[in-house]
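The block underneath contains the structure these notes are about, expressed in structure tokens.
So that the names make sense, note that chain A is the first sequence line, chain B the second, and so on, each numbered from 1.
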Amino acid sequence: MSQSSASELRLEVVPPKKIGTNLLAAVCILLVLLIARSFWHGQIEWSVVKENLFARPVLIGLISTISMTFAAMGLGIFLGVGAAIMRMSENRVIRYIAIGYIWLFRGVPALLQLLLWFNLALIFPTIGFGDTFSVRTVDVMTPFVAALLGLGIQQGAYTAEVVRAGILSIDKGQAEAAAAIGMTRFRTLQRIVLPQAMRVIVPPIGNETIGMIKLTSLASVVQYSEILRKVQEVYYVNSRVIELLIVATFWYMVLVTIFSIAQFYIERHFSQGWGAARTSEKTKAEVPA
Amino acid sequence: MKPIIEARQVQKHFGQNHVLKDIEFAMGKGEVVSIIGPSGSGKSTFLRCINQLETIDGGYISVNGEIVGYRRQGNKLYHLSDREVARQRQAVGMVFQRFNLFPHKTVLGNVIEGPVVVQRRTVAESKDEAMALLETVGLAEKALAYPAQLSGGQQQRVAIARSLAMKPDAMLFDEPTSALDPELVGEVLGVMKTLAAMGTTMIVVTHEIGFCREVANRVAFMDQGRIVEEGSPDDILKSPKNQRVRSFVSAVL
Ligand SMILES: Nc1ncnc2c1ncn2[C@@H]1O[C@H](COP(=O)(O)OP(=O)(O)O)[C@@H](O)[C@H]1O
Ligand SMILES: [Mg+2]
């Protein structure tokens, strides 16, 4: 091909104008502004919102919400890993126990489970081992315990399926290679299979943790003083319902945002070895002598 | 000489499929035995039985005079616990066709995993030994790379180093070069030749006839679950007695 014909082929690409999408975007912005404006001019005392944002009862409720989220997720993950491993056992009875647990606690609504735990005293007035050790159920089943059991145990049933899917996603060759260097089955799970399964497990667990932040609001029905219950207590006194609900909304949004950011870093941690490009620089720099 | 690995009347079924039939096999310290044979003849299964990745259903296999998978008391065999099986497996290293490196650990992390976690040796000592092994397989400069950053040939050499780190009495190789691009086969075979020259006891399942001829002391031919013929590389590759061996060898040469 000659020089001149090559230059004739140097054609300019004109970017498309995308009028439709730009118009749609403009309409959306307008709608958002209108909604914001109507809230601003609505029957909301923003000063009350501001006053209560860092009020003592609200902060106490916030801390209770955070602690319940961690406690219930902790219990859920513990039970979930256990149930997932039992679900894959060679022993049929153990397998069916895990299946039964998942079936039962995924099937019953969380709110109902909370109420059942809280009212356990109606079925078993005392709990203990025969005559040697026995306590009154109402003393044990505090709002915190009832909420923890209700939320944690049903979370475990969901987590079990997530963990199982994660474990099944790991190639069988990994467990065989671990066995071949003399690892026991427990070590293999702990050192080789679970750390890799984390890559699959962490994103849904992250989402479920965010779900749990909001699910803890159900614990208000068993008298647990999480943030929603606390703002309710405040508005029963001052009648500023909407303002205090906005305070709760604000804090839920803050928590969810922080957890989402944390989730990003945790996911990155567990993808070690897959983001090959990211580690290559370090590899070159730190080769031991 | 007392055999390191011995198989007597070994039987193995997968359902109705009789995969290993009356396997008789023995090898001494420092020997290199190649197993060749058509696909599906039971070569991998035999190696996996030695390392207890599969259980046999007749006969017995022993490593260093210890029956694998069972404890003998009088005339009865009792199943070993998970922990005891894990201990027995340390005596034999295994290199897989598909490498099976731990992708979440660096090259060095892969090699020290066994010594540190299983043998409970110190990290410092294990690292020193691991670096020496990586030197042997020619990958010391990749110590901090992740498996995903390595070529197939490099990954397989790391897998060999990982097995050697356990100081096994014998090494099992299941078609270690079959998953590699042709230009990478040589580097892995080269490492295996070095090991053979260092006196490592090895069973190598392979289709690399050149490797059998140069390195193996003995070649066993498997077909349909049996060891059909066994002998020196010259005997098996140049003048096999069995008709099936003859047609297989002439097909691959
Ligand atoms: N896990 C398994 N389950 C069922 N059958 C298997 C399994 N592994 C191997 N087999 C069968 O056992 C036979 C021998 O397989 P294998 O030992 O892999 O042969 P080779 O390694 O010589 O190609 C084949 O018929 C194969 O289909
Ligand atoms: Mg095979």
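Of the atoms belonging to B/Val92, it is backbone heavy atoms, and not side-chain ones, that fall under 4.5 Å from chain A. Contacts between A/Arg185 and chain B at a heavy-atom distance below 4.5 Å involve backbone atoms as well as side-chain atoms. Looking at B/Val118, the atoms closer than 4.5 Å to chain A (heavy atoms on both sides) all sit in the side chain, from C-beta outward. Residue A/Ala175 does not touch chain B at all, counting heavy-atom pairs closer than 4.5 Å. In this structure, chain A has a heavy atom under 4.5 Å from the side chain of B/Lys105, while its backbone stays farther away. Proximity to chain A involves both the backbone and the side chain of B/Arg162, based on heavy atoms less than 4.5 angstrom apart.
For the atom pair B/Phe102 CZ and A/Ile170 CD1, the distance stands at 12.0 Å (nearest 0.5 Å). Distance CG/B/Asn110 to CD1/A/Ile192: 7.5 Å, rounded to 0.5 Å.
In terms of non-hydrogen atom pairs under 4.5 Å with chain A, the most contact-rich of B/Leu101, B/Val107, B/Val85 is B/Leu101. Of the listed residues (B/Glu113, B/Arg48, B/Arg87), the greatest number of heavy-atom pairs within a distance under 4.5 Å of chain A belongs to B/Glu113.
When all heavy atoms of B/His104 and A/Arg191 are compared, the pair lying nearest together is NE2-O, 3.1 Å. Residues A/Arg187 and B/Val117 approach most closely at CD-CG1, 3.3 Å, considering heavy atoms. Pairing each heavy atom of B/Arg89 with each of A/Gly182, the nearest pair is CB-CA, 4.4 Å.
More than 12 heavy-atom neighbours from other residues, nucleotides or ligands sit within 6.0 angstrom of CZ on B/Arg121. Remark: B/Arg83 CZ is loosely packed, at most 12 non-hydrogen atoms of other residues, nucleotides or ligands lying under 6.0 Å away. The 12-atom threshold is exceeded at CZ of B/Arg71, counting heavy atoms of other residues, nucleotides or ligands nearer than 6.0 Å. No more than 12 heavy atoms of other residues, nucleotides or ligands shown are found within 6.0 angstrom of OH on A/Tyr265. Counting heavy-atom neighbours within 6.0 Å of A/Phe250 CZ, excluding the residue itself, gives a total above 12. The number of heavy atoms from other shown groups lying within 6.0 Å of NE2 (B/His207) is above 12.
Counting only distance, with no hydrogens or angles, the side chain of B/Asp82 and the backbone of A/Thr184 share no donor-acceptor pair below 3.5 Å. A donor-acceptor pair under 3.5 Å is absent between the side-chain atoms of B/Gln90 and the main chain of A/Ala180, judged by distance alone.
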